[in-house]
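Report on one structure; see the data block that follows.
Numbers here simply count residues along the sequence, with the first being 1.
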Amino acid sequence: QVQLVESGGGLVQAGGSLRLSCAASGGTFSRSTMGWFRQAPGKEREFVAAVAWSGSTTRYAGSVKGRFTISRDNAKKTVYLQMNSLTPEDTAVYYCAADRRLLRAVVVATVSDYDYWGQGTQVTVSS
């Protein structure tokens with residue numbers, strides 16, 4: 001079992017930056033693929049970014065590629081999402097997620113691939 005707690009959300013003006021953090025406890029964080037998803041009001045939860053257990057491979061949604069960067073620190077059991085050049089379309093609740101399958105060779109990007117979820121952190125970008 002893995003417990004995930006997100007932090008770092010808030011209100012920012014368009015063009016600004018935020019860094020989200022997700023601290024993990026329990027389980028096997030260092031061997032799990034970690035992902036970030038987001039859900040805007042009235043919309044389905046969507047993939048944002050993911051990083052392999054080793055940190056060597058990342059994957060991004062097209063809408064955030066070049067603006068967001070995912071990274072992880074296995075010693076601190078924390079995954080980060082650096083978000084730059086934010087736009088109002090990035091407004092959503094952001095969720096951290098962990099894959100229970102260990103040492104996966106591919107970086108997965110669908111909601112159903114992830115088994116553990118945080119409670120979410122709100123990101124609001126004003127125009």
Side-chain angles (χ1 to χ4, degrees):
Q1 194 77 8
V2 176
Q3 294 79 44
L4 304 170
V5 179
E6 302 96 334
S7 61
L11 174 64
V12 64
Q13 287 188 331
S17 298
L18 281 174
R19 189 175 85 151
L20 305 182
S21 298
C22 172
S25 61
T28 52
F29 174 86
S30 65
R31 290 178 283 168
S32 297
T33 300
M34 297 297 297
W36 285 97
F37 291 76
R38 67 187 181 187
Q39 187 166 19
K43 295 188 176 182
E44 293 189 353
R45 193 169 297 188
E46 65 174 4
F47 171 75
V48 175
V51 58
W53 61 274
S54 64
S56 61
T57 304
T58 57
R59 185 172 177 179
Y60 296 92
S63 59
V64 307
K65 201 167 187 179
R67 300 189 298 124
F68 291 11
T69 301
I70 189 171
S71 61
R72 66 190 297 161
D73 185 331
N74 284 345
K76 294 182 178 180
K77 291 189 176 181
T78 302
V79 62
Y80 306 97
L81 185 68
Q82 177 67 43
M83 306 186 295
N84 299 328
S85 302
L86 285 161
T87 73
E89 287 69 39
D90 296 315
T91 295
V93 177
Y94 283 70
Y95 297 91
C96 173
D99 180 0
R100 67 176 174 82
R101 288 155 286 255
L102 306 179
L103 304 176
R104 235 175 155 167
V106 294
V107 179
V108 291
T110 61
V111 172
S112 60
D113 284 316
Y114 291 83
D115 305 281
Y116 306 108
W117 294 84
Q119 82 290 348
T121 186
Q122 176 70 47
V123 171
T124 303
V125 184
S126 63
S127 57

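Checked against salt bridge (Lys or Arg N to Asp or Glu O under 4.0 Å), Arg72 has no partners two or more places apart in sequence or in another chain. Contacts of Ser85 classified as side-chain contact (heavy atoms from CB on, under 4.5 Å), with partners at least two apart in sequence or in another chain: Arg67. When the side-chain contact (heavy atoms from CB on, under 4.5 Å) test is applied to Lys65, the partners found at least two apart in sequence or on another chain are Tyr60. Looking at residues two or more places apart in sequence or on another chain, you find no salt bridge (Lys or Arg N to Asp or Glu O under 4.0 Å) involving Asp73. Applying the side-chain contact (heavy atoms from CB on, under 4.5 Å) criterion to Arg59, with sequence neighbours excluded, gives Phe47, Val107, Ala109. Judged as a salt bridge (Lys or Arg N to Asp or Glu O under 4.0 Å), and not counting sequence neighbours, Asp113 has no contacts.
Residues Val51 and Thr33 form no side-chain contact, since every pair of their non-hydrogen atoms from C-beta on lies 4.5 Å or further apart.
Residues Thr91 and Glu89 have side chains that never bring a donor and an acceptor to within less than 3.5 angstrom of each other.
With a 4.5 Å cut-off between side-chain heavy atoms of Ile, Leu, Val, Met, Phe, Trp and Tyr, the cluster of Val5 takes in none. Members clustered with Trp53: Leu102, Leu103, by chain and number, using a 4.5 Å side-chain heavy-atom cutoff among hydrophobic residues.
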Distance-only criterion, 3.5 Å: show the donor-acceptor pairs between side-chain atoms of residues 10-31 and protein atoms not counting sequence neighbours.
unit_1	atom_1	unit_2	atom_2	d
Ser17	OG	Asn84	OD1	2.9
Ser25	OG	Gln3	OE1	3.3

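In this structure, the side chain of Asp115 engages the main chain of Arg100 through a donor-acceptor pair within 3.5 Å.
Screening residues 40-86 for disulfide bond (SG atoms under 2.5 Å apart) gives no qualifying pairs among residues at least two apart or on separate chains. Sorted by first and then second residue, the ring-ring contact (aromatic ring centres under 6.0 Å, His included) pairs with a member in residues 78-102 form an empty list; sequence neighbours excluded. Screening residues 105-124 for ring-ring contact (aromatic ring centres under 6.0 Å, His included) gives Phe37-Tyr114, Phe37-Trp117 as the qualifying pairs, with residues at least two apart or on separate chains.
The shortest heavy-atom contact between Arg101 and Ser112 is NH2-O, 4.3 Å. Taking each heavy atom of Asp90 and Arg38 in turn, the nearest pair found is OD1-NH1, 2.9 Å.
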